[in-house]
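The first residue in the sequence is number 1, and the count goes up from there. Every number for a ligand or one of its atoms is a count from 1 in the order of the listing.
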Amino acid sequence: MSNVEENDLHEENQEGEEVQELSFEELGLDPRLIRALTKKNIEKPTPIQQTGIPLILEGKDVVARAKTGSGKTFAYLLPLLQKLLSDNNTSPSKALAPTAMILVPSRELCQQVYSEVLSLIELCRVQLKVVQLTGEPSFSEMATALSGPPHIFVSTPACVQRCLSSGVLQAKSVHDSLSVLILDEADLLFTYGYEKNLKDLKTHIPKKCQCLLMSATSSDDVESLKKLYLHNPYILTLPEVGDGKDEIVPKNVQQFWIQCSYRDKLLYILAILKLDLVQKKVLIFTNTIDTSFRLKLYLEQFGIKSAVLNAELPVNSRLHILEGFNAGLFDYLIATDDSDSKEKDQTDENKQIEKKKFKKNKKRKVDLEFGVVRGIDFKNVHTVINFDMPTTAAGYVHRIGRTGRAYNTGQSVSIVSPEEMEIFEEIKLFLGGENEDKDLTYIAPFPLLEKNAVEFLRYRAEDVARSVTKIAVKEARAQDLRNEILNSEKLKAHFQENPRDLDLLKHDKLLSKKPPAPHLRDVPEYLVDPTTQQASKFVKLTRAAFGRNNNNGNNRGFKGRVNKKAGDPLKTFSSQGKGMKRKGIGKEFGPKQKKKQDV
Ligand SMILES: Nc1ncnc2c1ncn2[C@@H]1O[C@H](COP(=O)(O)OP(=O)(O)OP(=O)(O)O)[C@@H](O)[C@H]1O
C-alpha cells in the first residue's frame with residue numbers, strides 16, 4: 001500500500017460514458033455464482049457491477065462511488081467469492097487469520113452484508129466460512145468467531161481493533177493471511193468515529209492486500225481513506241445517467257412534497273395513508289424518537305399498524321424489525337434517523353463525550369453503532385415519507401435512497417412545514433446542482449391529495465391528535481423499550497434454533513391502551529371527494545398490476561413458513577396486552593354510513 005497521489009494517472013472516471021451491457025457470464029463469473037444469482041432472481045449486472053467486477057477480478061484496488069441502491073454490495077461480493085472459490089480449489093488453507101475482511105460502520109450493515117454473503121455461499125453449495133462480529137464481544141466470543149479461521153470476517157473497525165488488542169487476532173497472522181480488505185459505506189466510517197481504529201489497523205495490512213472502497217457519495221473522508229489504504233486505485237464514479245439532473249437521486253424515484261403547518265402534519269400523513277394514496281411498503285422518517293411514537297399511537301387509532309425503529313432499541317430487536325419489514329410482515333415502518341446528528345460529531349473526542357453521556361443515562365442508552373438509513377437495504381419499499389424533514393441535503397438523499405433500489409421504482413413524499421422551508425430549499429438546490437432556475441425543481445407537489453379530502457378528515461384527526469398526549473407518548477416509548485428488551489434475549493435464543501420463525505418478527509403490535517375505535521377505522525365514501533376516490537382507485541389498480549409490494553420476487557420462499565406452534569414460549573412476550581385484539585372491524589367513520597373506503 002502506498003500513497004495514491006503519484007498514481008492519479010491510473011484513475012478512470014467513467015462519468016457520462018456509456019456503459020456497455022454485459023451479462024454476468026461475460027464478466028467472467030463462476031457458473032456457481034451465476035446460478036446463485038438466478039435463484040435470487042438477479043439476471044443482469046447493474047452498471048457498477050459491470051464495471052467493477054472485472055477490475056476486482058483482476059486484483060485491482062478500486063474506489064467505487066455509485067448511487068444508493070445501485071448494487072455496490074454484489075459488485076464486491078461476487079468477485080470476492082469467486083477468488084475464494086478458486087483459492088479453495090487450488091490450495092489447502094494454512095491461514096491463521098481471515099482471508100478477507102469486510103468492514104462496515106454499523107451493526108445493521110454488518111448483519112445485512114453477512115446475510116447476503118451467507119445466502120450466496122449456501123446457494124453456491126460451497127464450503128466457505130463467513131463470520132460476523134460487532135459491538136464489544138467477550139474474549140470467548142472473539143475466539144469462537146475467529147477460530148478456524150473464517151474465510152470472510154464481517155465486522156466494524158472498532159471490533160477488529162478489539163480482536164487485535166486482545167490478542168485473539170494476531171497482527172502477524174493478519175499480515176500473512178489477509179488478501180482482500182473491503183471498506184463498505186466508506187464515507188461513513190470516519191463519521192461513525194472509526195478514524196483512529198482505521199489508522200491503527202492500516203499498519204497491519206500487508207502490501208499485497210487488495211483494497212476496495214465502496215461509497216454512495218464522495219467526501220473528504222473517502223479521500224483520506226483512499227490515500228491511507230489504496231494503491232494505484234481505479235476510481236469508478238457511476239451515476240446511471242450523466243445528464244446532471246438525476247445524478248444524486250436514482251431516476252426511478254419520483255419525488256413529491258406537501259406544504260402544511262407543523263401541526264397539520266399528522267392530518268396530512270393520515271390522509272395519504274388512510275385514503276390509500278401511496279403504494280406500500282412505506283418507510284416513514286422522523287427526527288426524534290418521541291415523534292415516532294406519537295405518530296405510531298396516532299395512526300393506531302385509525303387502524304393503521306406500524307413498527308418503530310430507532311437507536312434506543314436492543315440490537316436483536318432492531319435486526320428482527322428490519323428482517324420482519326423486509327420479509328413483508330408489516331407495511332409501515334417509522335424510523336428515527338439520527339445519522340445527521342452523527343455527521344456533525346466528526347471527532348473521536350466528541351464520540352467519547354457522547355459515549356460517556358449515554359453511559360450515565362443507561363435507561364436511554366443509544367447504540368453508537370446504529371445506522372438506520374445509510375446502506376441499509378430495506379426490501380421493496382415503494383414509498384418513503386419524510387414526516388420530519390432531514391437536517392441536511394445529504395440526509396435527504398440517503399433517506400429517499402431507501403426506495404427505487406436496483407431496478408425497482410419508488411416515490412418519496414416530504415411533508416414540509418414553514419419552519420422547514422429553508423432546508424427544503426437547500427435540498428432543491430442540492431438536487432438541481434448549479435442550476436438555480438427556480439422553476440427547475442425535481443420535487444413536485446403531491447398531486448393526489450385534494451384539499452377537501454383533508455378537510456373532511458380534520459375534525460376526527462385533531463380530536464385523536466389531542467388524545468396522544470406527551471404522557472401517552474412517554475409511556476408508550478417506555479413500554480415498547482421494556483417489551484423489546486425482554487423480547488431481545490428470548491428472540492436471540494429462539495432464532496438460533498428457528499431462524500425462519502417469522503411470526504415473532506411482527507413488531508407492529510398496538511401500543512395504545514385502548515384498541516382503535518371502530519368508527520375511526522373506516523372512512524365512509526361520502527367523506528371523500530370524487531377526485532381523491534379516483535386517485536385512491538388508481539393507486540390500488542397500479543398496486544394490483546405490479547403485485548402487492550412492487551417487488552422483484554425477493555420475498556419468495558418466506559410464504560407458508562410462518563411457524564404457528566401453539567406452545568411457543570415466546571408468544572407470551574408480546575407488547576400487546578390481553579384483550580387488545582382488534583374487534584368491530586367494519587363499523588363506520590360517521591354515524592349510520594354504510595358505504596366505506598376499502599381499507
Ligand atoms: N444486478 C442486480 N439486479 C437486480 N437487483 C440487484 C442487482 N444487484 C443488486 N441488487 C439488489 O439491489 C438492492 C440494492 O443493492 P445494494 O444494497 O448493494 O445497493 P448499494 O449500492 O450498496 O446501496 P447503498 O448505497 O444505499 O448502500 C439489493 O436488494 C440487491 O439485492
The one among G69, A64, S119, P47 that brings a heavy atom closest to atom 24 (P) of ligand 1: G69

Any N or O of Q49 closer than 3.5 Å to N or O of ligand 1: yes

Closest approach of L283 to A335 (non-hydrogen atoms, all atoms of both residues): CD1-CB, 4.1 Å

Any residue meeting salt bridge (charged side-chain N to carboxylate O under 4.0 Å, His left out) with E43, in chain and number order, not counting sequence neighbours: none

Flag side-chain contact, heavy atom, 4.5 Å: L201 against Y229: yes

Ligand 1 contact on R402 by region, counting heavy-atom pairs under 4.0 Å: side chain

contact_flag S70 ligand 1 heavy-atom lt 4.0 Å: yes

Proximity to ligand 1 by part of T46, non-hydrogen separation under 4.0 Å: both

Residue part near ligand 1, for M214, under 4.0 Å between non-hydrogen atoms: neither

E26: side chain to side chain donor-acceptor pair (under 3.5 Å) partners, not counting sequence neighbours: S23

For ligand 1, the portion of K379 having any non-hydrogen atom under 4.0 Å away: side chain

Any N/O pair D377/ligand 1 closer than 3.5 Å: yes

Atoms of ligand 1, numbered as shown, that sit under 4.0 Å from any heavy atom of K44: 1 (N), 2 (C), 3 (N)

Polar side-chain atom of H151 near backbone of K129 as donor-acceptor pair, under 3.5 Å: yes

Ligand-side contact atoms (ligand 1) for residue partner E185, heavy atom cut-off under 4.0 Å: 24 (P), 25 (O), 27 (O)

Validation row: L81, I121 side chains within 4.5 angstrom (heavy atoms): yes

Contact check: P45 vs ligand 1, nitrogen or oxygen atoms, below 3.5 angstrom: no

Under 3.5 Å: N/O of G401 near N/O of ligand 1: no

Test ring-ring contact (aromatic ring centres under 6.0 Å, His included) applied to F424 and Y396, W257, F430, the passing residue: W257

Backbone or side-chain N or O of T73 under 3.5 Å from ligand 1 N or O: yes

Cation over ring face, K305 and F330, 6.0 Å, 45°: no

Salt-bridge criterion met for E116 and K40 (N-O under 4.0 Å): yes

